[in-house]
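The analysis underlying the following values was restricted to heavy atoms, covering all of them including side chains, and did not include hydrogens, waters or symmetry mates. Residue numbering restarts at 1 for every chain, and letters A, B, ... go by the order of the sequence lines.
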Number of protein chains: 2
Amino acid sequence: MVSIKDVAKKAGVSVGVVSKAFNNYPDVGKETRKRIMDIAQELDYSPNRIARNLSSKKNSAISLISSGFEENDQKDNNSFELFKGIYFGSQQLNLDFSIYFTDSFKQQEQSYVQFCRERNIGGAILQGIKLDDPFFKEMVDTNVPCVLIDVVMDEPQSCVGSVTIQNRKATEDLTAYLIERGHRDIAIMAGTKEAYVNEERLKGVQDALLKHGLTFEDKMLFYADFDDQQAYEKAKTYLKTHRPTAFVCLSDLMAYGVMKAAQELGLSVPEDVSVVGFDNSMIAGMTTPTITTIAQDFFEMGRQSALLLNRIVNGESKENEIYLNYELLERESVQDFTNSDRKEHES
Amino acid sequence: MVSIKDVAKKAGVSVGVVSKAFNNYPDVGKETRKRIMDIAQELDYSPNRIARNLSSKKNSAISLISSGFEENDQKDNNSFELFKGIYFGSQQLNLDFSIYFTDSFKQQEQSYVQFCRERNIGGAILQGIKLDDPFFKEMVDTNVPCVLIDVVMDEPQSCVGSVTIQNRKATEDLTAYLIERGHRDIAIMAGTKEAYVNEERLKGVQDALLKHGLTFEDKMLFYADFDDQQAYEKAKTYLKTHRPTAFVCLSDLMAYGVMKAAQELGLSVPEDVSVVGFDNSMIAGMTTPTITTIAQDFFEMGRQSALLLNRIVNGESKENEIYLNYELLERESVQDFTNSDRKEHES
DNA sequence: CTGTTAGCGCGTTCAA
DNA sequence: TTGAACGCGCTAACAG
């Protein structure tokens, strides 16, 4: 392995100068620098980042700590998009990026700070963690810079940032969209009770309902753990005895489950029952009918997280909460009662 | 940051002993070892892997080098499964795992060996690369251990392994499945010409056709780049003037595209045209009808890759080519002409 | 069994 | 502008 010594020797200078040349120090002779660089190229040398980190004490590495990804994401590529976004963000910043998946089924999980310490990781992006996770608390206590995906802390911490969309506003828009099209009898397929996004999205639905003078009834609220199968089962049971005009589903996967239940019962979507989803997962555009949903850009979310984390690490962050744009994507799964032939005219 | 010195000092021993204690050297007093471990725990110390790697010169890290993932995988989570498999495999071996995504659109890509050298990476798993990739050649020339996903080299190299399924056999089975059910007029939706898996799968289709006395006609072969949209367009054009009884698609995504085309033309699947796919992507079970396909376990593929790579790195690999099992998954997208009511009876 | 020493490859003083 | 020396946190010889 060719090291800094080799190029120093060949260039007839000391290693210190080579190091400086590579780190853009100003006090290196122009002529010398060029010679060093040429020789480095010739020898196919590039500085070892491992050693560099160790020596400089600057940890130019960030990490994604992802919890509970196992359960749902097999059917979803949102996490992967997020992941890629983080990767590209860190590439952009020339940071090294490592990951740490942690799961409920793993018996002896390692503390997040320990994970970071062992690898000289300067900060982490946390996905899928719960706010009461003791390891997360340790991160905050130890002042390890964090960026949370889709979670916002009650009391802001200087070392903790958040990247998310306005989930509450998004479901309010989504529900209002249904109400404006004449829907009054709206059932809700929620995800996991404890999840932050679930709470937010649920509030949004409630907001819309109340604003339009409708009531939020517990009887019409179901929890399906963001899982299509569970959504399918709950919807099927419910639809056997009730006939809401629409389902607001807090994820596309669950929307798929609901549509399947409806269709198996001989109901057609959206004529007999409308369905809306959330996320714009890949499947949302592939089902029959395609699902009207809230589109969010997970890749961008990941990228922004990396950038924000880097700012926090460097103490140059002014605003620790980033809200990304979302978009209501109109597709085929909603019936418009107010003007059923408008669609025809418009297209 | 608490380092090895701190625990050495507190334990009243030298750093050497602490190091040995942590690396399970036999020549450490039982009593001393316990004291050291206790103090380490108390101080919340764990060895820094960065420094450890640097010092030991053992690079306990592997990497996934993934090329061209950008194009199709947005719609597919196979890559993510693979990725998770590799992660779990490396976890199992207590290796550090890093990734390197590279893309056609990235102008100045970094050489793979350089990437590895900078990070003390002992070997890499390569996905989506082409055999004539100069960077890959460099890896082989430099003797960097590699494991190829879904590609098998013509001439085996001691430092190169492969993990894949018998793609050729799989499509042969798949095509035979159609033929046995009375299909004779079979169109083929292939992926990308240059891709290794594409070639293999194509050969398999041909094998089945020839074995059953059918001919392989170029007129019925289409290339859609593993993309659903392209498959949709090609199928639509073709179906306007021809009526094959079945489409063999070399990926589920393309199968989806073909089904969509057929359905938009008023044909029903499988009554008017049967469709089979490949991969058992998540969508294969969610379309209407669900897609009969070849299921392969990408997670396991990733995990096996990590294990194999580790063996190659340590020079303990006997067999460098691993063929995983696949399974023909019967679902709803195929019409059985020979015995149309058998299904009823069986279920 | 334990302590000492010399690096690993590099960044960063401080002199020169 | 350059070189020598030290240290990052750790492992691995080699003494003792």
>> Let's see if you can work this out: which of C:dG3, C:dG9, C:dC10 has an atom nearest to the side-chain heavy atoms of B:Ser14?
In response: C:dG3
>> In this structure, how many angstroms lie between the C1' atom of D:dT11 and the CD1 atom of B:Ile50, rounded?
In response: 15 Å
> Taking the side chain of A:Val13 as heavy atoms from C-beta outward, which of D:dG3, D:dC10, D:dA12 is closest to it?
Replying inline: D:dG3
>> The side chain of B:Lys58 is closest to which nucleotide in this list: D:dC10, D:dA12, C:dT2?
In response: D:dA12
> Between B:Ser55 and B:Gly12, which has a closest nucleotide on DNA chain C that is more 5'?
Replying inline: B:Gly12
> Whole Å only: how far is the NZ atom of B:Lys57 from the C1' atom of C:dA6?
Replying inline: 15 Å
>> Within the 4.0 Å heavy-atom criterion, would you say B:Gly16 contacts the bases, only the backbone, or no part of the nucleic acid?
In response: base
> A:Arg49 CZ to D:dC8 C1': how many Å, rounded?
Replying inline: 18 Å
> B:Asp27 has a side chain; which of D:dC10, C:dG11, C:dT2 sits nearest to it?
Replying inline: C:dT2
>> From OH of A:Tyr25 over to C1' of C:dC10, roughly how many Å is that when rounded to an integer?
In response: 11 Å
>> Using a 4.0 Å heavy-atom cut-off, does A:Val15 contact any base of the nucleic acid, only the sugar-phosphate backbone, or nothing at all?
In response: nothing
> In whole angstroms, how far is the P atom of C:dC10 from the CG atom of A:Asn48?
Replying inline: 6 Å
> A:Phe88 vs A:Phe299 aromatic rings, parallel, tilted or perpendicular, using cut-offs 30° and 60°?
Replying inline: tilted
> Heavy atoms under 4.0 Å, any strand shown: does B:Val18 hit a base, just sugar-phosphate, or nothing?
Replying inline: nothing
> Does A:Lys137 count as lying over the ring of A:Phe135, i.e. NZ or CZ under 6.0 Å from the six-ring centre, within 45 degrees of the axis?
Replying inline: no
> B:Asn23 CG to D:dC10 P: how many Å, rounded?
Replying inline: 11 Å
>> Counting only side-chain nitrogens and oxygens, does A:Ser19 get under 4.0 Å of the OP1 or OP2 atom of C:dG11?
In response: yes
>> If you only use heavy atoms from C-beta on, which nucleotide in C:dC8, C:dT12, D:dC8 is closest to the side chain of B:Lys5?
In response: D:dC8
> Just checking, any donor-acceptor pair under 3.5 angstrom between side chains of B:Ser46 and A:Glu118?
Replying inline: yes
> From the list C:dT2, C:dC10, D:dC10, which nucleotide is the closest neighbour of the side chain of B:Thr32?
Replying inline: C:dT2
> Taking everything shown except A:Gln114 itself, do over 12 heavy atoms lie less than 6.0 Å from its CD?
Replying inline: yes
> Of the candidate nucleotides C:dT2, D:dG9, D:dC10, which contains the atom at the shortest distance from the side chain of B:Val17?
Replying inline: C:dT2
> For the pair made of CG in A:Asn53 and C1' in C:dT12, what is the distance, rounded to whole Å?
Replying inline: 15 Å
> Just how far, in rounded Å, is P of D:dC10 from NZ of B:Lys20?
Replying inline: 16 Å
> Under a 4.5 Å cut-off applied to non-hydrogen side-chain atoms, are A:Asp44 and B:Glu138 in contact?
Replying inline: yes
